[in-house]
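In what follows, every chain begins at residue 1, and chains take the letters A, B, ... in the order their sequences are listed.
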Amino acid sequence: MPELPEAETIVRDLRDRIVGHAVTGIAVIRPDILAPGLTRDHLDASLAGYRILAVDRRAKNIVLRFDTGRILLVNLGMTGRLVLDDSPRAAELRHVAVRFGLDDGRTLLYDDIRRFGRMELHSPESWAERDATLGTEPLSEDFTAERLFEMTRGTRVPLRNWLLDQRKVAGVGNIYANEALFRAGLHPARPAGSIDLEEAARLRDAIRNVLEEAIEARGTTFSDYRDASGEAGAYEPRLRVYGREGRPCPVCGTPLQRIVISNRSAFFCPRCQK
DNA sequence: AACGCGCCCTGTCCGC
DNA sequence: TGCGGACAGGGCGCGT
């Protein structure tokens, strides 16, 4: 997916381009990406004619706030894209699932090859409950070494898996989990509860640094990610371990390894990461 | 309760 | 050139 930096890039672009505009109508081409119970009619009745007040991000989710208090959450899954149709790349989209008409004639397209994405419609109350299921924002002031240390106590879950749990640290996915563990010198299979406070501090800093650098580069395009104009991100060449099995470690030159943890690849340097 | 696993779906790439 | 299998950045629901 689009992890936190990719969602953040889309949010910043969309914010400048759609805030203040009203949605005029909604077409749902692939209803299976709507949350259970949500229908086109429900979506249309709740959003059509109303103005977008804000575009925010929570974890990997894009959050559109309307002037009625309603909130539309878009999770991009693995291959979801939110692209405005006034960008030249929009014509390349082959799997449009939902179209949002805007009051100036533009259309916001939701495209999703694999349809792992989800759209949820929330009231302020249901949004508060949903929001509470998501963990600490890693770029917020709340995300301290002490907090990370405390959260990992008592679990034997491998660090790489622990970082993917959105109830703990929200927004980290497999690419940045692997990159952060490399930077922190921590082995992906190591039990999360085994790190000490000093290691937690390294991991906290590594997570923040890699996410911030990836946002500056407008995200990582490993294969499918595109921004709100349909353009690829520029961070992929700067990945240090993800997808680089057999290539030399950028620090010590040892060939990087790939292992499978819980059916997902983990990449690491067998010498640098303990 | 916490955790691991299989699955949702399409596209691409690799080896034969 | 074609075909089968592995694999892909996420997250849910299930069983243990």
Side-chain angles (χ1 to χ4, degrees), chain A residues 1-10 29-38 57-62 73-82 92-98 110-120 130-131 133-135 138 151-182 188-194 207 210-211 214-215 217-227 232-246 258-267:
Chain A
M1 159 181 65
E3 307 183 24
L4 185 155
E6 292 74 33
E8 181 68 23
T9 300
I10 292 168
I29 297 103
R30 307 294 309 220
D32 53 342
I33 64 106
L34 303 181
L38 181 58
R57 180 190 57 75
R58 177 71 170 106
K60 305 169 187 173
N61 304 297
I62 293 154
L73 175 150
V74 181
N75 182 288
L76 301 171
M78 296 274 251
T79 54
R81 301 170 180 180
L82 271 177
E92 296 169 16
L93 300 176
R94 291 288 174 273
H95 301 272
V96 175
V98 180
Y110 178 71
D111 181 278
D112 193 343
I113 298 168
R114 292 172 74 181
R115 301 200 304 284
F116 285 179
R118 284 289 174 276
M119 276 186 202
E120 304 171 14
R130 181 70 169 87
D131 182 64
T133 66
L134 298 166
M151 282 194 291
T152 52
R153 292 312 86 190
T155 177
R156 295 169 40 75
V157 173
L159 275 171
R160 200 289 313 267
N161 288 12
W162 192 88
L163 289 173
L164 298 185
D165 188 341
Q166 301 299 298
R167 297 169 300 182
K168 307 293 196 318
V169 181
V172 177
N174 203 29
I175 291 181
Y176 300 114
N178 279 281
E179 292 296 309
L181 289 168
F182 172 76
R190 182 139 156 223
S194 74
I207 291 168
V210 73
L211 295 176
I215 290 170
R218 302 183 55 79
T220 300
T221 294
F222 200 71
S223 58
D224 296 301
Y225 165 73
R226 296 293 185 276
D227 68 19
Y235 196 72
E236 191 275 337
R238 293 169 61 188
L239 296 174
R240 299 184 190 174
V241 292
Y242 187 86
R244 301 181 60 81
E245 178 185 17
R258 170 183 177 267
I259 55 174
V260 175
I261 307 174
S262 299
N263 287 321
R264 283 214 168 113
S265 294
F267 300 90

Could you tell me whether Tyr176(A) contacts a base, only the sugar-phosphate backbone, or nothing, with contacts defined as non-hydrogen atoms closer than 4.0 Å?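 No contact.
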
Indicate, with a heavy-atom threshold strictly under 4.0 Å, whether Asp112(A) touches base, sugar-phosphate, or nothing.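 No contact.
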
Between the side chains of Glu236(A) and Tyr225(A), is a donor N or O closer than 3.5 angstrom to an acceptor N or O?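 No, because no side-chain N or O of Glu236(A) sits under 3.5 Å from a partner of the opposite role on Tyr225(A).
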
Do Asn178(A) and Asn174(A) get their side chains close enough for a donor-acceptor pair, meaning under 3.5 Å?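 Indeed, the side chains of Asn178(A) and Asn174(A) share at least one donor-acceptor pair under 3.5 Å.
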
Spacing of [X] atom [atom1] relative to [N] atom [atom2], expressed in whole Å:
X         : N       : atom1 : atom2 : result
Arg130(A) : dC12(C) : CZ    : C1'   : 11 Å
Met78(A)  : dC12(C) : CE    : C1'   : 14 Å
Asp227(A) : dG9(C)  : CG    : C1'   : 16 Å
Ile175(A) : dG11(C) : CD1   : P     : 13 Å
Lys60(A)  : dG9(C)  : NZ    : P     : 10 Å
Arg115(A) : dC12(C) : CZ    : P     : 18 Å

Which base, if any, makes a Watson-Crick or G-U wobble pair with dG11(C), both distances under 3.5 Å?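 Here dG11(C) is engaged in a pair, and the nucleotide opposite it is dC7(B).
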
For the side chain to side chain contact (heavy atoms under 4.5 Å, CB included) test, which of Met119(A), Glu120(A), Arg118(A), Lys60(A) pairs with Val74(A)?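 The side chain to side chain contact (heavy atoms under 4.5 Å, CB included) with Val74(A) is passed solely by Met119(A) among Met119(A), Glu120(A), Arg118(A), Lys60(A).
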
Name the first nucleotide and the last nucleotide along DNA chain B (5' to 3') that come under 4.0 Å of a heavy atom in chain A.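 The footprint of chain A covers dC3(B) to dG11(B).
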
N/O (side chain, Ser265(A)) to phosphate O (OP1/OP2, dA8(C)) under 4.0 Å: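 Yes.
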
Rounded distance (nearest 0.5 Å) linking atom CD of Glu92(A) with atom CZ of Arg94(A):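 The CD atom of Glu92(A) sits 7.5 Å away from the CZ atom of Arg94(A).
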
In terms of ring plane angle, is the pair Tyr176(A) and Tyr235(A) parallel, tilted or perpendicular, where the classes change at 30° and 60°?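 Answer is tilted, since the angle falls between 30° and 60°.
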
Does Asp112(A) pair with Arg30(A) as a salt bridge, N-O distance under 4.0 Å?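 Here Asp112(A) does not pair with Arg30(A) in a salt bridge, since their nearest N and O are not under 4.0 Å apart.
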
